[in-house]
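Here the structure comes first, spelled out in structure tokens, and everything after it is commentary.
Everything numeric in this text was worked out from a predicted model, so none of it was measured. Each chain gets a letter, A, B and so on, in the order its sequence line appears, and its residues count up from 1. For the numbers below, each heavy atom of this structure counts, side chains included, while hydrogens, waters and symmetry mates do not.
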2 protein chains.
Amino acid sequence: MSTATITVPVTVAEHENCPATSVLRRVGDKWSVVILSILERGAHGFNELDRSVEGLSRRMLTRTVRALEEDGLISRTVHPRVPPRVDYALTDLGRSFLEPVRALGLWAVAHQSDLEAAHSR
Amino acid sequence: MSTATITVPVTVAEHENCPATSVLRRVGDKWSVVILSILERGAHGFNELDRSVEGLSRRMLTRTVRALEEDGLISRTVHPRVPPRVDYALTDLGRSFLEPVRALGLWAVAHQSDLEAAHSR
DNA sequence: CCGTATCCGTAACGATACTG
DNA sequence: CAGTATCGTTACGGATACGG
């Protein structure tokens with residue numbers, strides 16, 4: 001039984017240093033969760049990912065996978081072949097990250113009608 | 001034991017219609033979670049909230065509370081007095097929303113060292 | 001196949017000044 | 001006390017073209 005608590009940042013400095021803030025922002029960006037979720041089902045190459053998600057530009061794919069790699073949520077493996085092959089895959093950290101993210105998604109689905117009701121006012 | 005699953009949006013249309021997307025974006029914006037967390041400890045007036053968070057402008061406070069109200073996560077009660085008094089408070093929906101959000105925050109704290117290690121490469 | 005570089009429009013956000 | 005209006009800056013993100 002956990003009794004852990006979180007101190008909510010109430011100053012700019014706290015906000016920017018808070019480990020949760022960067023994670024929350026990553027959850028909020030447009031493509032990260034989609035990429036992570038696709039990689040959950042197996043490793044993919046760059047263009048493969050690009051084609052998997054309609055509307056995702058190569059530019060944003062590059063930036064997103066770079067950021068996810070810097071956070072240690074995915075790995076990037078270069079296979080020196082011709083043609084070149086790069087595999088993106090979830091790390092253990094990325095897999096564990098998806099658990100609370102999924103909880104949030106499930107919350108949204110469970111309360112979808114509440115949200116819609118509130119919005120229609 | 002839940003077996004619920006989520007279909008990840010892979011097209012622009014799915015992405016924008018997905019109930020989880022808007023929720024994830026709300027989690028990602030700069031002040032929503034901070035405001036919700038402060039309101040968790042009790043109702044507050046507008047300037048009271050403003051002063052509670054250093055670095056939060058009145059402009060963004062207005063926009064944030066409006067958005068949270070539209071989502072049904074907080075309530076806004078106007079007391080017709082002089083001087084005017086407006087109370088912002090968490091709704092039940094807002095309270096339940098904070099549970100998965102907190103799970104995400106706890107994940108970030110628990111894996112803070114992993115994230116820092118990954119980032120220092 | 002796997003990206004990078006450049007340009008450009010939009011949206012987020014802060015600062016400041018003003019109102020009921 | 002509880003906001004709105006306006007402005008300027010910065011970050012996000014798409015389109016396109018080019019390079020290893």
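Put simply, NE2 on B:His44 is 15 Å from C1' on D:dC1, counting in whole angstrom units. With rounding to whole Å, A:Leu61 atom CG is found 13 Å from D:dG13 atom C1'. Protein atom CZ of A:Arg26 is 14 Å distant from nucleotide atom C1' of D:dA11, rounded to whole Å. Separating the CZ atom of B:Arg66 from the P atom of D:dA5 is a distance of 11 Å, rounded to the nearest angstrom. Atom pair A:Arg58:CZ and D:dA17:C1' shows a separation of 9 Å (rounding to whole Å applied).
Between B:His44 and B:Ser52 the shortest heavy-atom distance is CD2-OG, 4.5 Å. The minimum heavy-atom distance between B:Ser32 and B:Leu68, with the atom names listed, is OG-CD2, 3.8 Å. Taking every heavy atom of both residues into account, A:Tyr88 and A:Arg66 meet most closely at OH-NH1, 3.8 Å.
For the pair B:Thr21 (side chain) and B:Glu16 (backbone), a donor-acceptor distance under 3.5 Å is absent.
Both A:Val86 and B:Arg63 lie near DNA chain C, and the one whose nearest nucleotide falls closer to the 5' end is A:Val86. Mapped onto DNA chain D by nearest heavy atom, B:Arg85 and A:Lys30 fall at different nucleotides, with B:Arg85 at the one closer to the 5' end.
The side-chain contact (heavy atoms from CB on, under 4.5 Å) with A:Ile74 is formed by just one residue from the set A:Asp87, A:Thr64, A:Leu90; it is A:Leu90.
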A:Leu115/B:Leu93 under side-chain contact (heavy atoms from CB on, under 4.5 Å): CA gap, chis, key distance, verdict: CA-CA 9 Å; A:Leu115 291 167; B:Leu93 191 63; 4.1 Å; yes
Intermediate values then yes/no, side-chain contact (heavy atoms from CB on, under 4.5 Å), B:Leu61 and B:Val53: CA-CA 10 Å; B:Leu61 177 54; B:Val53 188; over 6 Å; no
Salt bridge (charged side-chain N to carboxylate O under 4.0 Å, His left out) between A:Arg85 and A:Glu48, worked out: CA-CA 11 Å; A:Arg85 167 76 188 186; A:Glu48 209 176 348; 3.6 Å; yes
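At a non-hydrogen distance threshold of 4.0 Å, nothing from residues 11-24 of chain B comes into contact with DNA chain C.
At D:dG3, one or more side-chain N or O atoms of B:Arg76 fall inside 4.0 Å of OP1 or OP2 (strictly under the cut-off).
Residue-level contact check: B:Arg59 touches the bases, meaning some heavy atom is under 4.0 Å from a base atom.
Side chains of B:Val12 and A:Glu54 form a contact here, defined as non-hydrogen atoms less than 4.5 Å apart. For the pair A:Leu39/A:Leu49, a side-chain contact is recorded, criterion being any heavy-atom separation below 4.5 Å from C-beta on. Counting heavy atoms from C-beta on, the side chains of A:Arg121 and B:Glu70 never come closer than 4.5 Å.
Base pairing in DNA chain D gives the following stems of 3 or more Watson-Crick or G-U pairs, range against range and under 3.5 Å: C:3-20 with D:1-18.
Using a 4.0 Å cutoff to heavy atoms of chain B, the contacted part of DNA chain C runs 5' to 3' from C:dC13 to C:dG20.
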